[in-house]
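Right, one structure below, let's go through it.
Since this is a predicted model, take the numbers as computed values, not measurements. Labels below follow one simple rule: chain letters A, B, ... track the order of the sequence lines, proteins then strands, and each chain is numbered from 1.
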Protein chains: 2
Amino acid sequence: MSISSRFAVGVHILTLIEFNKDGVSSSEYLAESVNTNPALIRKIIGMLKKAELVEVHPGIAGANLAKKLSEITLLDVYKAVNVVPENELFSVHENPNPKCLVGRNIQETIIPILSIAQLAMEKVLGSVTIEDIFEAIVEKEKQK
Amino acid sequence: MSISSRFAVGVHILTLIEFNKDGVSSSEYLAESVNTNPALIRKIIGMLKKAELVEVHPGIAGANLAKKLSEITLLDVYKAVNVVPENELFSVHENPNPKCLVGRNIQETIIPILSIAQLAMEKVLGSVTIEDIFEAIVEKEKQK
DNA sequence: TTGATTGTAATTAATATAGTTACATGTAAC
DNA sequence: GTTACATGTAACTATATTAATTACAATCAA
């Protein structure tokens with residue numbers, strides 16, 4: 001199964017807040033660009049807020065970045081929006097038979113390997129910042 | 001969300017078939033070690049068969065490996081059991097607003113990055129064989 | 001006080017997982 | 001050929017997650 005699009009939407013939101021830094025990024029404004037519902041945006045914004053990536057206040061329209069663009073990585077967003085349980089990208093079957101040689105050793109054998117695979121993926125996300133996304137969009141737009 | 005345990009079960013099955021190479025690895029036998037249902041094992045074995053990792057025949061008890069241990073990687077198993085749609089570990093929201101600068105560029109900007117992250121993870125899986133798992137279990141068992 | 005916005009709970013439809021039952025199909029052995 | 005047994009599948013269930021949506025209390029600015 002795929003990792004929830006909450007992650008991609010989170011990246012979209014943060015990037016758009018920056019492009020709109022001189023305007024007001026309300027949940028309705030952001031929802032229009034993502035093409036979804038303001039309530040969904042508020043839910044994701046709430047997660048980004050808890051992770052201290054954005055600042056937003058009840059009753060006051062608009063969200064703002066809480067950090068510099070270059071200090072927010074895709075990994076930060078990925079962790080903020082909870083798309084993958086900590087260290088459990090791969091699920092492993094519970095209760096293999098301890099009476100079987102394989103059953104009693106399989107978990108401790110494969111979990112470290114799966115963890116390395118997961119970390120390799122997350123390392124890539126950690127190497128890309130929202131600033132990189134911002135700049136890439138500026139470049140792509142120039143070519144149009 | 002996590003990747004289905006079908007993958008871990010597939011690895012378990014293949015490893016156990018090797019340990020039991022002189023015996024008959026029926027779906028019931030394998031199910032007992034995994035601690036699940038024979039029908040579920042047969043479903044997964046069916047996928048491994050389609051990927052030409054095991055040999056199994058209707059009416060004849062037992063599954064056997066179709067390749068050498070060292071020629072089956074975890075990536076082969078991962079692909080065989082269909083736990084992740086091809087090149088779509090990450091799902092991306094559909095139909096972002098083309099009228100918005102970010103909306104019309106976000107997909108083509110992040111998809112290649114997400115793809116690199118996915119490939120980094122899969123590369124790790126491709127570097128580990130069932131033989132490695134087999135040997136690791138032999139070692140772990142010695143220490144008990 | 002009014003009007004607009006955020007925060008959050010509740011609901012729905014669609015989809016995937018994991019477990020289970022049931023049975024048709026296929027094979028070997030008697 | 002009949003019996004016993006195993007595989008291959010379809011169908012069904014319970015559970016969980018996603019994404020979309022509605023509704024409304026709490027909060028703040030004007």
N/O (side chain, [X]) to phosphate O (OP1/OP2, [N]) under 4.0 Å:
| X | N | value |
| --- | --- | --- |
| A:Ser4 | D:dA19 | yes |
| B:Ser5 | C:dA18 | yes |
| B:Ser26 | D:dT7 | no |
| B:Ser27 | D:dA6 | no |
| A:Arg42 | C:dT8 | no |

Roughly how many Å is it from [atom1] in [X] to [atom2] in [N], rounded to a whole number?
| X | N | atom1 | atom2 | result |
| --- | --- | --- | --- | --- |
| B:His57 | C:dA28 | NE2 | C1' | 14 Å |
| A:Ile13 | D:dA19 | CD1 | P | 12 Å |
| A:Met47 | C:dT6 | CE | C1' | 16 Å |
| B:His12 | C:dA18 | NE2 | C1' | 16 Å |
| A:Glu94 | D:dT15 | CD | P | 17 Å |
| B:Leu40 | D:dG8 | CG | P | 14 Å |
| B:Glu28 | D:dG8 | CD | P | 15 Å |
| B:Asn37 | C:dT20 | CG | P | 6 Å |

message = So if I take every side-chain heavy atom of A:Thr36 and compare against C:dA16, D:dA20, C:dA28, which nucleotide ends up nearest?
response =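 Nearest to the side chain of A:Thr36 among the choices is D:dA20.
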5' precedence on DNA chain C between A:Val56 and B:Asn35 (nearest-nucleotide basis) =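 Nearest-nucleotide comparison on DNA chain C picks A:Val56.
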query = Between B:Ser2 (side chain) and A:Glu88 (backbone), is there a donor-acceptor pair under 3.5 Å?
reply =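 It does hold such a pair.
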request  = Could you state whether B:Val124 and A:Val124 fall into the same hydrophobic cluster, counting links through intermediate Ile, Leu, Val, Met, Phe, Trp or Tyr residues with side-chain heavy atoms under 4.5 angstrom apart?
outcome  =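 No, it is not one cluster - the side chains of B:Val124 and A:Val124 are not joined through contacts under 4.5 Å.
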task = Would you mind classifying the nucleic acid contact of A:Lys49 as base, sugar-phosphate or nothing, using non-hydrogen atoms under 4.0 angstrom?
result =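 Sugar-phosphate only.
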message = What's A:Ala39 touching, base or sugar-phosphate or nothing? Going by heavy atoms closer than 4.0 Å.
response =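 Here A:Ala39 touches the bases of the nucleic acid.
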task = Nearest 0.5 Å please: distance from the OG atom of B:Ser33 over to the CG atom of B:Leu16.
result =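 Between B:Ser33 OG and B:Leu16 CG, I get 4.5 Å after rounding to 0.5 Å.
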request  = Between A:Pro58 and A:Ser2, name the one whose nearest nucleotide on DNA chain D is closer to the 5' end.
outcome  =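 The 5'-side residue here is A:Ser2.
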request  = Take the angle between the ring planes of A:Phe7 and A:Tyr78 and call it parallel below 30°, perpendicular above 60°, tilted in between.
outcome  =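 Perpendicular, since the angle between the ring planes exceeds 60°.
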Identified side chain to side chain contact (heavy atoms under 4.5 Å, CB included) partner of B:Ile130 from the options B:Asp76, B:Ile17, B:Leu69 =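 Running side chain to side chain contact (heavy atoms under 4.5 Å, CB included) over B:Asp76, B:Ile17, B:Leu69 with B:Ile130 returns exactly one hit, B:Leu69.
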